[in-house]
> 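Below are the structure tokens for one structure; questions will follow.
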Amino acid sequence: MSWWKSAVVYQVYPRSFADSDGDGIGDLAGIASRLDHVAELGADVLWLCPVYPSPQDDAGYDISDYRAIDSTFGTLADFDRLLAEVHARGMKLVTDLVVNHTSDEHAWFAESRSSRDSPRRDWYWWRPPRAGMEAGAPGAEPTNWRSAFSGPAWELDPATGEYYLHIFSRKQPDLNWETPELREAIYEMMRWWLERGVDGFRMDVVNFISKDPALPDGRGDGGAFVSGSEHYICGPRVHEFLAEMHREVFAGRDGLLTVGEMPGVTVEDARLFTDPARAELDMVFQFEHVQLDQGATKWDLRPLALRDLKASLGRWQAGLAERGWNSLYWGNHDQPRAVSRFGDDGEHRVRAAKMLATVLQMHRGTPYVYQGEELGMTNAPFARLEDFRDIESLNHYAESVAAGADPEHVLASLRRMGRDNARTPMQWDASERAGFTTGTPWLAVNPNHVEINAEAARADPDSVFHHYRRLIELRHSEPVVAHGDFTMLLPDDERVYAFTRRLGDVELLVLGNFSGAAAEAAVPSGERWRAAEVLVGEAPDGLLSLRPWEGRVLKARSAR
Ligand code: NOJ
């Protein structure tokens, strides 16, 4: 039971992992050809971002058919082969389940929009214009909600004169989970994938599936449109829907992993979602710690205070200590590269990437490694707007510049926070296209691949890659890593991240220097730790002395 407590997940972003046919876009056969890399790292589970047929308005998170593979990525037969190859290496495969919305090109939506009387009308959220207003008039949208990708969250369908809700792009209409037949169709599709052999699901924004059916206006004064998310984040029936999904899909099946991606989830809610006694999900994927360097929106940058990071991650550790489970991550396909954001991607890149890995992987929870993180891949040197591909960045730029923002200022925030940073091709070797493709990559390869690449990392025993191997191995071999309790130390220290883990008489002290200057870890019981064993890292200057961006794990037998 709960095998995933000692597991590590490796996230693959298929467009950017490996291209087998030279069209410049990664594919399933490419992933299969590179599986040994993931196996060598020691990961237990591979999470595959969406590979279903899609107009690719949001890079595959706009699905037009839930039971097939987009020809860009291959065929169902390629999928089955990949699954068999993953299983043959003793790993599991978790797929992305995107059921808060479909593509507007999904057959369900085509039918739903065909007329107001369509039997599938209620599979989506259709509403007339605001009372007393003409369809299409400014401000006639049924609510003042904003789309996560800029502009209003409603699109008018001129044929029927009603608006449909889309929290993401206008090509991603939200499904209406109030409709029982829709829910059953989703469960049936999920069973179909499980019967095909997949080992679980990463559920895209699954805490958005229950909306307040009254669809009230959002609070706040963010201009004409405000978030409105208080009416759909962890909405009134979300627990009921997930419990039903569990009964209908997961009950009686062993060995699966279910993780709910949940922007805006609180610790208290996360405990409910993941309390095994409630039978909803295995773990959540929460966002608090990746919002600490942002103001009102993700584009509004502000420096990260280490004490805020510790306070946030520490609160999640404490909140789920007795019941429930969390995911651990610094980055994914929606976040900038971890070493550029939280560490140093210049002089101390290798040390910073290792330190970040050490600190994160030694927390309690299930770690997720995003492709390339194990190489210390960095943000990309995007120069011009034309270098970006992501709809979120492009829409934000268009909207802000139209509203009068300084284009250079907007570009600067795209460079820091844009999702394309994480989506540049995987750096396999030093060759011209990084070993990713023989064609023209859909997004430029980071020029630093000549130095930062998997081939070089494998050959260097001191690489970030081998450091990850060691950490993953520890989660498998040292029960305290997966199961020990957690105590945060030095909450106010501005440079040193420090905590202990304990199980029985084994105690670990984990240290990370989040600064470019040498630091001393002034931890309690320092004397005892000065005699401890160095489990991870080096200690040339003393067991509690850290070089810039250095991390370390010490192991001791506890006095208790
Ligand atoms: C979260 C996904 O990770 C992101 O890439 C996507 O744009 C949104 N959900 C909408 O599906």
Side-chain angles (χ1 to χ4, degrees), residues 41-42 306-307 309-310 330 338-363 367 369 373-378 448 451-452 456-475 477-478 480-481 484 486-502 506-559:
L41 196 61
L306 184 62
R307 74 168 79 82
L309 185 66
K310 287 188 272 194
W330 290 131
V339 72
S340 300
R341 182 183 195 177
F342 299 111
D344 172 1
D345 61 7
E347 184 191 349
H348 298 297
R349 183 187 63 85
V350 169
R351 215 189 268 161
K354 290 183 185 177
M355 181 280 288
L356 289 170
T358 302
V359 167
L360 189 82
Q361 297 259 339
M362 293 296 114
H363 277 71
V369 180
E373 179 186 325
E374 76 282 16
L375 308 176
M377 274 177 64
T378 67
N448 67 17
E451 182 206 340
I452 306 171
R458 263 202 304 274
D460 172 6
D462 293 327
S463 66
V464 179
F465 178 79
H466 289 295
H467 186 77
Y468 268 86
R469 287 185 61 195
R470 168 91 176 116
L471 293 169
I472 294 172
E473 182 190 304
L474 273 182
R475 180 162 292 264
S477 61
E478 282 277 355
V480 63
V481 176
F486 179 102
T487 306
M488 187 69 84
L489 306 175
L490 312 180
D492 295 321
D493 194 301
E494 280 165 21
R495 290 190 284 160
V496 179
Y497 198 117
F499 57 91
T500 55
R501 303 290 313 277
R502 181 161 56 194
V506 176
E507 198 168 3
L508 304 182
L509 172 65
V510 182
L511 301 174
N513 181 357
F514 274 71
S515 85
E520 193 66 23
V523 296
S525 317
E527 276 318 306
R528 194 170 126 245
W529 288 111
R530 280 198 181 85
E533 171 196 348
V534 180
L535 196 61
V536 176
E538 303 160 348
D541 303 333
L543 271 79
L544 300 180
S545 307
L546 299 163
R547 293 176 290 178
W549 297 105
E550 184 167 40
R552 181 177 307 144
V553 183
L554 303 180
K555 178 179 177 181
R557 296 282 160 186
S558 111

> Could I get the full list of side-chain hydrogen bond (donor to acceptor under 3.5 Å, both in side chains) partners for Glu473, not counting sequence neighbours?
none

> Do Ile472 and Gln361 have side chains that get closer than 4.5 Å, going by heavy atoms?
yes

> Which heavy atom of Val534 sits nearest to which heavy atom of Ala539, and what is that distance?
CG2-CB, 4.2 Å

> Closest approach of Leu490 and Ala522, non-hydrogen atoms and distance?
CD2-O, 3.2 Å

> Which residues satisfy the ring pair (Phe, Tyr, Trp, His ring centres under 6.0 Å) test with Phe499, sequence neighbours excluded?
His363, Phe486, Tyr497

> Mind running side chain to side chain contact (heavy atoms under 4.5 Å, CB included) on Met377 and Asn448 for me, showing each step along the way?
CA-CA 9 Å; Met377 274 177 64; Asn448 67 17; 5.9 Å; no

> State whether the number of non-hydrogen atoms from other residues, nucleotides or ligands found under 6.0 Å of Glu533 atom CD is greater than 12.
yes

> Report the residues that fulfil side-chain contact (heavy atoms from CB on, under 4.5 Å) with Met355, sequence neighbours left out, ordered by chain and then residue number.
Val359, Phe514, Trp549

> Quick one: side-chain hydrogen bond (donor to acceptor under 3.5 Å, both in side chains) partners of Arg341, sequence neighbours excluded?
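So Arg341 forms a side-chain hydrogen bond (donor to acceptor under 3.5 Å, both in side chains) with Asp293, Gln335.
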
> Can you give me the closest heavy-atom contact between Ser463 and Ala457, atom names plus distance?
OG-O, 2.8 Å

> Taking atom NZ of Lys555 and atom CG of Leu508, what is their separation to the nearest 0.5 Å?
7.5 Å

> Any side-chain heavy atom of Asp462 sitting closer than 4.5 Å to one from Val350?
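The answer is no, as the side chains (C-beta and beyond) never meet within the 4.5 Å cut-off.
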
> With sequence neighbours left out, what residues match Arg458 under side-chain contact (heavy atoms from CB on, under 4.5 Å)?
His37, Glu40, Ala454, Phe465

> Can you list everything that forms a side-chain hydrogen bond (donor to acceptor under 3.5 Å, both in side chains) with Arg501? Sequence neighbours excluded, please.
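side-chain hydrogen bond (donor to acceptor under 3.5 Å, both in side chains) check on Arg501 returns nothing, list empty.
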
> The criterion is side-chain contact (heavy atoms from CB on, under 4.5 Å); which residues satisfy it with Ala517, sequence neighbours excluded?
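Ala517 satisfies side-chain contact (heavy atoms from CB on, under 4.5 Å) with Arg495, Ser515 once adjacent residues are dropped.
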
> Can you confirm whether Val523 sits close enough to Leu511 that some side-chain heavy atom of one is under 4.5 Å from a side-chain heavy atom of the other?
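When only atoms from C-beta onward are counted, Leu511 and Val523 do touch, with a gap below 4.5 Å.
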
> How long is the span from the OG1 atom in Thr358 to the CG atom in Leu471, to the nearest 0.5 Å?
4.5 Å

> Can you see whether Tyr468 engages Glu373 through a side-chain donor-acceptor pair at a distance of less than 3.5 angstrom?
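Yes, Glu373 and Tyr468 have a side-chain donor paired with an acceptor closer than 3.5 Å.
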
> Do any pairs count as a salt bridge (Lys or Arg N to Asp or Glu O under 4.0 Å) and have a residue in residues 537-554, sequence neighbours left out, and if so which ones?
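As it turns out, the salt bridge (Lys or Arg N to Asp or Glu O under 4.0 Å) pairs with a partner in residues 537-554, which skip direct neighbours, are Glu538-Arg547, Arg547-Glu550, Glu550-Arg552.
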
> Can you give me the closest heavy-atom contact between Ala532 and Ala556, atom names plus distance?
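So the minimum-distance heavy-atom pair works out to CB-CB, 4.3 Å.
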
> Got Leu509 and Leu489 here, is their nearest side-chain heavy-atom distance under 4.5 Å?
yes

> Please name the pair of heavy atoms, one in Ala353 and one in Val339, separated by the smallest distance, quoted to 0.1 Å.
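For Ala353 and Val339, the tightest heavy-atom pair comes out as N-CG2, 3.8 Å.
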
> Heavy atoms, side chains only, cut-off 4.5 Å: are Leu375 and Val464 in contact?
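SC-SC contact between Leu375 and Val464 ruled out.
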
> Which pair of non-hydrogen atoms, one from His466 and one from Pro461, has the smallest distance, and what is that distance?
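Shortest heavy-atom separation between His466 and Pro461 comes out as CB-O, 3.6 Å.
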
> Got a sec, which pairs hit salt bridge (Lys or Arg N to Asp or Glu O under 4.0 Å) with one end in residues 344-357, sequence neighbours left out?
Arg349-Glu451

> Arg530: what forms a salt bridge (Lys or Arg N to Asp or Glu O under 4.0 Å) with it, not counting sequence neighbours?
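Salt bridge (Lys or Arg N to Asp or Glu O under 4.0 Å) list for Arg530, sorted by chain: Glu520, Glu527.
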
> Determine which pairs satisfy ring-ring contact (aromatic ring centres under 6.0 Å, His included) with at least one residue from residues 516-539, sequence neighbours left out, and list them in order.
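As it turns out, there is no ring-ring contact (aromatic ring centres under 6.0 Å, His included) pair with a partner in residues 516-539 once direct neighbours are skipped.
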
> Applying side-chain hydrogen bond (donor to acceptor under 3.5 Å, both in side chains), can you list everything that pairs with Lys310, at least two apart in sequence or on another chain?
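Partners of Lys310 under the side-chain hydrogen bond (donor to acceptor under 3.5 Å, both in side chains) test: none.
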
> Let me confirm one number: the CZ-CG distance from Phe342 to Leu356, rounded to the nearest 0.5 Å.
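Atom-to-atom, Phe342:CZ and Leu356:CG are 8.0 Å apart.
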
